[in-house]
Amino acid sequence: MIIRWFIHIGMLGICSVEDWREKQISLWKIWLYATVIVIYEIWCFLGGHKEISEWMIGVLTGILPGIGMLVMGKLSQEAIGYGDGYLTLILGFSMGFWEILGILGIALFGVFGVAIYLVVIRKRSRNSQIAFVPFLLLGMAGTALWKVG
C-alpha cells in the first residue's frame with residue numbers, strides 16, 4: 001500500500017513543477033499517471049487485497065470529486081483547469097472517497113491561504129491564476145503523514 005503513496009507523490013511532484021511554471025500540465029503526463037495507477041490497482045485487486053464489491057464501491061465513489069471538478073471546469077470556462085480535474089479523478093480512483101476528500105480539503109485550504117495573500121498583501125487581481133497541483137501534492141503529503149502518524 002505504501003507503493004501507492006510513492007506513485008502518487010512522485011507523479012504529483014512531476015506535475016506540480018510543470019503546473020507551477022507553465023500553469024498547465026502535459027496530457028501525456030496525465031495519461032502516464034493514469035496508466036501507472038490503473039495497472040497498480042488491477043495488480044492489487046488480482047493479488048487478492050480487496051473484494052470486487054469493496055474495490056468497485058471505492059472506485060465509483062472516489063471518482064465523484066474528480067467528475068465534479070471536470071464539470072465545474074466546463075461550466076466556468078476552465079477557471080478550474082481540466083488537468084486539475086483529471087488528476088483529482090486519478091487520485092479518487094486510487095484512494096477512494098474519504099481519502100480524496102481529505103486531500104482536497106488540505107489543497108483547498110492551502111489555495112485559499114495563498115489567494116488571500118496574493119490579493120491582500122501582493123495586491124494582485126482576484127483573477128490571478130494559481131497552480132492547483134502543488135496544493136494537491138501538499139494535500140497528498142499531509143494525508144500520508146496523517147495516516148502514518
Side-chain angles (χ1 to χ4, degrees), residues 1-73 79-122 124 128-149:
M1 294 297 175
I2 197 157
I3 295 170
R4 174 185 292 129
W5 292 93
F6 282 122
I7 292 170
H8 285 299
I9 288 174
M11 290 303 294
L12 285 174
I14 292 167
C15 292
S16 291
V17 171
E18 184 176 7
D19 194 27
W20 187 268
R21 290 182 182 161
E22 312 284 329
K23 300 292 188 261
Q24 64 182 8
I25 306 160
S26 300
L27 193 57
W28 72 268
K29 288 179 184 169
I30 294 171
W31 276 108
L32 175 65
Y33 185 18
T35 303
V36 169
I37 286 299
V38 167
I39 289 170
Y40 177 78
E41 290 298 324
I42 291 171
W43 177 68
C44 285
F45 172 70
L46 293 176
H49 296 283
K50 292 182 180 178
E51 297 282 330
I52 184 77
S53 59
E54 177 188 352
W55 185 70
M56 287 302 295
I57 289 170
V59 166
L60 293 175
T61 58
I63 64 173
L64 292 175
I67 292 170
M69 284 186 69
L70 289 170
V71 169
M72 287 190 297
I80 298 172
Y82 290 128
D84 302 328
Y86 289 134
L87 291 178
T88 304
L89 194 69
I90 294 166
L91 280 168
F93 173 83
S94 177
M95 303 306 291
F97 184 73
W98 296 111
E99 297 280 338
I100 191 63
L101 285 185
I103 293 165
L104 284 174
I106 294 170
L108 292 172
F109 187 74
V111 166
F112 177 73
V114 169
I116 295 296
Y117 169 76
L118 289 175
V119 170
V120 174
I121 307 295
R122 301 285 307 266
R124 298 256 175 103
S128 297
Q129 288 186 342
I130 300 173
F132 186 66
V133 180
F135 295 100
L136 278 178
L137 175 62
L138 178 70
M140 190 71 192
T143 305
L145 290 174
W146 182 269
K147 289 198 73 91
V148 170

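Bear in mind that the values here come from a model prediction, so they are computed numbers and not experimental data.
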request  = For residues Ala107 and Phe135, report the shortest heavy-atom separation together with the two atoms involved.
outcome  = CB-O, 3.3 Å
inquiry  = Test: salt bridge (charged side-chain N to carboxylate O under 4.0 Å, His left out). Region: residues 100-119. Which pairs qualify, not counting sequence neighbours?
reply    = none
task = Please assess Tyr33 against Ile14 for the test side-chain contact (heavy atoms from CB on, under 4.5 Å), listing each intermediate value before the final yes or no.
result = CA-CA 10 Å; Tyr33 185 18; Ile14 292 167; over 6 Å; no
message = Just verifying a value: how many Å separate Asp84 CG and Gln24 CD, rounded to the nearest 0.5 Å?
response = 11.5 Å
remark   = Contacts of Leu137 meeting side-chain contact (heavy atoms from CB on, under 4.5 Å) (sequence neighbours excluded), chain-then-number -> Ile9, Leu12, Ser16
message = Let me confirm one number: the CH2-CD1 distance from Trp20 to Ile130, rounded to the nearest 0.5 Å.
response = 9.0 Å
query = With sequence neighbours excluded, what pairs up with Leu104 under the side-chain contact (heavy atoms from CB on, under 4.5 Å) test?
reply = Pro65, Met69, Thr88, Ile100, Phe132, Leu136
request  = Please list all pairs passing the side chain to side chain donor-acceptor pair (under 3.5 Å) test where one or both residues lie in residues 97-111, with sequence neighbours left out.
outcome  = Glu99-Lys147
Contact summary for Ile90 and Ala34, nearest pair of heavy atoms = CD1-CB, 3.7 Å
request  = Evaluate side-chain contact (heavy atoms from CB on, under 4.5 Å) for Phe112 paired with Leu108, printing each intermediate quantity in order.
outcome  = CA-CA 6 Å; Phe112 177 73; Leu108 292 172; over 6 Å; no
query = How far does OH of Tyr40 sit from CD1 of Ile7, to the nearest 0.5 angstrom?
reply = 6.0 Å
inquiry  = Using every non-hydrogen atom in the two residues, find where Ile30 and Gly83 come nearest and quote the distance to one decimal.
reply    = CD1-CA, 3.9 Å
inquiry  = Using 0.5 Å steps for rounding, measure from the CG atom of Leu32 to the OG atom of Ser26.
reply    = 11.0 Å
query = What pairs with Ser94 under side-chain hydrogen bond (donor to acceptor under 3.5 Å, both in side chains), at least two apart in sequence or on another chain?
reply = Arg4, His8, Glu41
ask   = Which residues pass the side-chain contact (heavy atoms from CB on, under 4.5 Å) test with Phe45, sequence neighbours left out?
value = Ile52, Trp55
query = With Tyr82, which residues qualify under side-chain contact (heavy atoms from CB on, under 4.5 Å), at least two apart?
reply = Leu70, Lys74, Glu78, Tyr86
query = Closest approach of Asp19 and Pro134, non-hydrogen atoms and distance?
reply = OD2-CD, 3.8 Å
request  = Output all residues satisfying side-chain hydrogen bond (donor to acceptor under 3.5 Å, both in side chains) with Lys29, sequence neighbours left out; order by chain, then residue number.
outcome  = Glu18
Spacing of Ile103 atom CD1 and Leu138 atom CG [to the nearest 0.5 Å] = 11.0 Å
ask   = What pairs meet the side chain to side chain donor-acceptor pair (under 3.5 Å) rule with one or both residues in residues 106-118, with sequence neighbours excluded?
value = none
